[in-house]
Amino acid sequence: MSDTSTESRDAESVIYHVSNLKVQFKLKRPNLFTPHPILHAVDGVSFEIQRGKTLGLVGESGCGKSTTGLALLGLVEPSQGELLFNGIDVRSISRQDMIPMRRKMQVVFQDPYSSLNPRQTAGEIVMDPLIIHNVGTQSERQARVAELFKMVGLRPSQQELYPHQFSGGQRQRICIARALALNPEFIVCDEPVSALDVAIQAQILNLLCRLQDELNLTYLFISHDLAVIQHVCDEIAVMYLGCIVEKTNRANLFRSPRHPYTRALLSAVLQNKNRQINRIKLEGDIPNPINKPSGCRFRTRCQYAQKICSEVEPALEEKSTGHWEACHFDTASPQQETA
Amino acid sequence: MIGPMKQDNPPNSAKQQTPQGNTALKVDNLSVVFDVKGKPVTILSDITFSVERGETLGIIGESGCGKSMTALALMRMIPSPPGRIAGGEVNLNSENLLEVTKKRMSAVRGKEISMIFQEPMTSLNPVYTVGNQLVETIRRHKTVSATEAQEEAVELLRIVQIPAPEKRIKEYPHQLSGGMRQRIMIAMALVCNPKVLIADEPTTALDVTVQAQIFDLLKDIQQKNGTSIILITHDFGAVSEMADRVLVMYAGFKIEEGTLDEIRNHAAHPYTQGLLRSMPELSTDHDAFRTPLPEIPGSVPDLINRQPGCPFGPRCPSATAKCHEMPPMVDLGANRSVMCWLAVEEGAA
Amino acid sequence: METGTQKLTEGAEAGTGVFVFEESTSKPEIKWRETVRLFCSNIAALLGFIVLVVFVLAGIFGPTLYPADPFELVAAPLSGPGEFTLLGADYLGRDVFIGILYGTRATLLIALTATLVTVFIGITVGALAGFYGGMIDNVLMRITEFFQVLPPLVFSMVIVAVFSSDILVVILAIAVTTWTTEARLTRAEFLKIKEREYVLAARAMGASNLRMITRVILPNAMPPLVIAITLRIGITIIYEAALSFLGLTDPDVMTWGKMIGLSRDFFFDAWWTVTFPGLAILLVVLCIALVGDGLNDAFNPKLRGR
């Protein structure tokens with residue numbers, strides 16, 4: 001998949017260039033005589049992340065969005081593909097060279113309950129990255145930790161406390177402080193607000209946006225919640241069963257979604273305002289990523305599926321300027337769109 | 001935008017206009033106390049509400065607000081010790097469930113009042129087939145032969161719209177997807193066609209596209225059987241989807257109650273207002289991009305060392321000196337009430 | 001009630017940064033004091049600790065304060081408690097009390113050293129197998145299974161018989177045959193904890209494998225291990241007793257197990273010869289278990305601040 005539009009862009013502005021990323025997991029074989037089943041978690045994904053912007057990865061569970069994030073961080077070994085971080089091929093560099101790269105990319109996980117070591121105090125948790133990368137003296141580190149605590153809206157005196165003494169929102173603040181400790185350029189936010197209460201979600205989203213502006217951060221924002229994605233992302237890629245089915249900027253995606261799956265996702269969002277949507281209902285569940293459907297992977301749940309969909313896998317093509325879609329048809333007919 | 005949007009009300013609004021008038025479940029002054037290190041902590045304080053037949057009542061609140069505890073209290077399933085129901089009445093069929101014998105209560109559970117839980121994987125026993133568990137539930141409540149129960153199980157799976165039920169019934173929980181498992185749980189809850197179905201976060205663990213399917217199923221069943229549903233959730237979207245009336249809980253108190261429309265558009269309690277405002281929402285208004293969401297500062301209060309006065313007081317933007325006293329429940333008529341001093345002042349003015 | 005005790009803290013931005021350094025430097029003490037306070041609040045553990053201290057002191061200073069030879073014949077054979085000596089004498093007329101006093105040092109020394117070696121081997125093997133998985137796990141687990149299927153007592157008897165009944169050989173014989181339990185337990189804990197997100201978070205920060213094993217996973221794997229270790233000390237004492245009972249220990253060293261073993265034929269005629277060393281074993285094993293339990297609670301941050 002060659003990205004013609006991206007070549008014209010300034011290479012400096014691209015922080016992460018991903019092309020044809022594939023991640024496969026070998027599963028346990030059911031018995032000795034069958035080969036290992038292969039789980040294609042991520043199956044040929046390409047995108048670019050602009051410096052200082054936020055790319056949203058949206059999809060349902062098992063679509064490979066989290067695995068993509070982990071692969072970008074070098075925490076999962078891709079089986080194929082090119083990962084260029086600031087122009088450096090992350091896959092080919094040695095373990096030794098990877099260590100300084102780690103300082104530039106960090107992660108905030110979904111569950112602030114399990115992503116903090118219960119045996120460390122909040123202060124120790126935030127100081128850990130500084131110790132690992134041998135940054136500063138002990139007193140400099142302590143000053144930095146205090147600064148980070150303030151930055152994310154925690155009191156420095158709370159350093160003494162253990163994770164279980166904090167509420168969910170405060171724990172996520174600790175996670176964010178830890179991610180910021182080494183002044184990273186790029187942060188993967190893997191469902192950072194999904195485990196939080198609604199009222200707390202707003203606090204964390206506001207904090208992430210504020211920090212992005214203050215520190216010129218780049219986010220890969222992974223979420224299943226389109227409302228959250230719409231609130232924070234500049235560019236959005238919709239994933240289904242390991243592939244990107246639609247990729248465009250925020251305005252395009254929410255104003256004129258193209259792919260049948262995107263439209264179904266959008267219409268499935270539960271709204272709290274007084275309005276009723278003509279809901280596109282999807283039948284059934286997501287197929288098993290071990291035996292994917294032939295051809296287009298969405299065809300088993302797609303109302304527009306034709307014969308060709310089971311035979312040929314549609315490629316991600318630029319259907320209109322900056323709007324990429326993987327579908328054989330142009331299903332987004334005018335009457336399905338609203339102004 | 002996202003498909004054509006009509007401004008009319010959801011289909012379940014038809015029921016609102018023609019209330020059946022008979023109450024299915026009436027809860028009065030329900031209080032639950034937990035003993036924490038020998039100190040009594042009030043988890044639920046005088047919860048009062050009622051559910052009409054065929055109606056859906058949404059109970060919404062943040063984690064720790066007591067919404068799940070309310071459900072457990074209705075089923076008399078509070079872990080005891082340390083918990084106990086300190087007072088109140090739960091009236092179902094002119095029978096106070098808090099006073100009936102344990103034996104009677106276990107007959108009521110499943111038969112008159114059923115519950116489905118958030119996590120369908122942990123609610124199903126992994127070592128038995130789906131059919132086994134369904135048949136067992138059927139035979140516990142009805143005197144039928146094994147084959148009859150088997151047939152009934154298949155029929156139930158058909159009702160909850162599981163494809164190829166004869167095949168699925170032989171499968172184990174882990175072979176099914178999350179959505180399927182939740183359908184099985186619903187089927188089990190429906191065995192005796194209960195009057196009241198309590199759904200505790202039934203779709204939180206499911207994907208968005210599957211969530212909609214489950215809500216449709218619940219609505220369908222409600223329409224056919226006239227079941228009353230108590231939907232417990234933290235997601236106002238889910239409430240909007242399902243509920244006729246809404247009860248907002250905070251720190252173990254019912255702080256506001258009203259119809260879906262009233263709560264959604266004319267919320268009276270500052271907490272409800274804040275909760276609704278703080279949610280990012282899909283909108284046509286693209287200028288909302290990255291504008292700070294209005295947040296409710298702080299987090300839910302600690303029930304163990306509760307300060308006197310309004311539970312929401314410390315986080316409330318419109319708190320006054322008066323809020324150091326406990327605000328009364330102000331009845332605004334027609335099942336509409338709010339627990340706030342602002343409402344008292346408005347009424348006086 | 002996981003809403004936390006920090007009600008007033010979040011949202012209130014008025015942090016007083018002035019106190020940061022003061023607090024940070026005094027942190028270790030606070031942590032220690034807290035642990036000690038918690039431990040002391042557990043009566044059973046405290047009691048166990050006190051009894052254990054008495055035994056340890058007796059083991060260290062007893063022989064100096066009460067110079068005697070445990071092998072010396074001082075009383076009439078099989079004389080009862082109070083007749084010639086405090087706790088009676090055995091079939092050769094050796095003082096049971098002096099035997100126990102002198103046996104304390106050797107018994108505790110063997111038990112502690114053997115436990116340390118056992119736990120060290122077990123945790124190392126288990127941690128490596130659990131952390132790396134794959135081929136390393138396979139090889140290490142097959143080795144573990146090999147040691148597991150050998151009957152440990154017979155195996156250690158063979159070792160002692162082949163080499164010598166030197167005290168060091170006895171310690172190693174016990175360790176080499178019994179480390180598999182700890183290895184399996186550690187591996188299971190590692191497999192479980194390895195999946196937690198904070199381990200992934202540590203890796204995302206660039207933590208080395210060694211750091212992840214020793215600083216991230218191991219502390220969280222400790223609770224069941226601490227219990228296992230305390231039980232292991234008890235088992236080792238009993239194990240040493242069994243070896244002594246069979247006469248497979250250093251003949252020049254008096255241990256509790258040896259006392260029981262030597263007097264086994266006279267149990268019905270002279271109960272004191274077996275009962276008092278047996279009680280000493282029971283008391284020490286029980287106290288160690290109580291202390292272990294108390295330590296585990298005291299070190300668990302979740303139980304702190306309550």
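Note that the coordinates shown come from a computational prediction; the quantities given were computed from them, not determined experimentally. By convention in this document, chain letters (A, B, ...) are assigned in the order of the sequence lines, proteins followed by strands, and residues within each chain are numbered from 1. Just so it is clear, the values below take in all heavy atoms, side chains as well, and ignore hydrogens, waters and symmetry mates.
- Rounding to the nearest 0.5 Å places OG of A/Ser114 at 8.0 Å from CZ of C/Arg196.
- Other residues, nucleotides and ligands contribute only 12 or fewer heavy atoms inside 6.0 Å of the CZ atom of A/Arg95.
- Although no hydrogens or angles enter the test, the distance criterion places no donor-acceptor pair under 3.5 Å between the side chain of A/Arg119 and the main chain of C/Arg215.
- Heavy-atom distances place both the backbone and the side chain of C/Arg203 under 4.5 Å from chain A.
- Comparing A/Met101, A/Arg178, A/Gln110, A/Glu147 by how many heavy-atom pairs each has under 4.5 Å with chain C, the most go to A/Arg178.
- For the residue pair C/Ala201 and A/Ser115, the shortest heavy atom distance occurs at CB-O, 4.2 Å.
- Counting heavy atoms of neighbouring residues, nucleotides and ligands inside a 6.0 Å radius, atom CD of A/Gln96 does not exceed 12 of them.
- Listed in order of number, the residues of residues 117-131 of chain C that approach chain A to under 4.5 Å between heavy atoms amount to none.
- Here the closest heavy-atom approach between residue A/Pro129 and residue C/Met205 is recorded as CG-SD, 3.2 Å.
- Heavy atoms of A/Met105 lying under 4.5 Å from chain C belong exclusively to its backbone.
- For A/Leu116, the part lying near chain C is the backbone, with the side chain staying farther off; criterion is any non-hydrogen pair under 4.5 Å.
- Interface remark: of the candidates A/Ile99, A/Val188, A/Asp128, A/Asp128 forms the most heavy-atom pairs closer than 4.5 Å to chain C.
- Within 6.0 Å of CZ in C/Phe55 there are more than 12 heavy atoms belonging to other residues, nucleotides or ligands.
- In plain terms, the two heavy atoms of C/Ala207 and A/Ile132 that are nearest each other are CB-CD1, 3.5 Å.
- At a threshold of 4.5 Å between non-hydrogen side-chain atoms, the residues A/Val107 and C/Leu200 do not count as touching.
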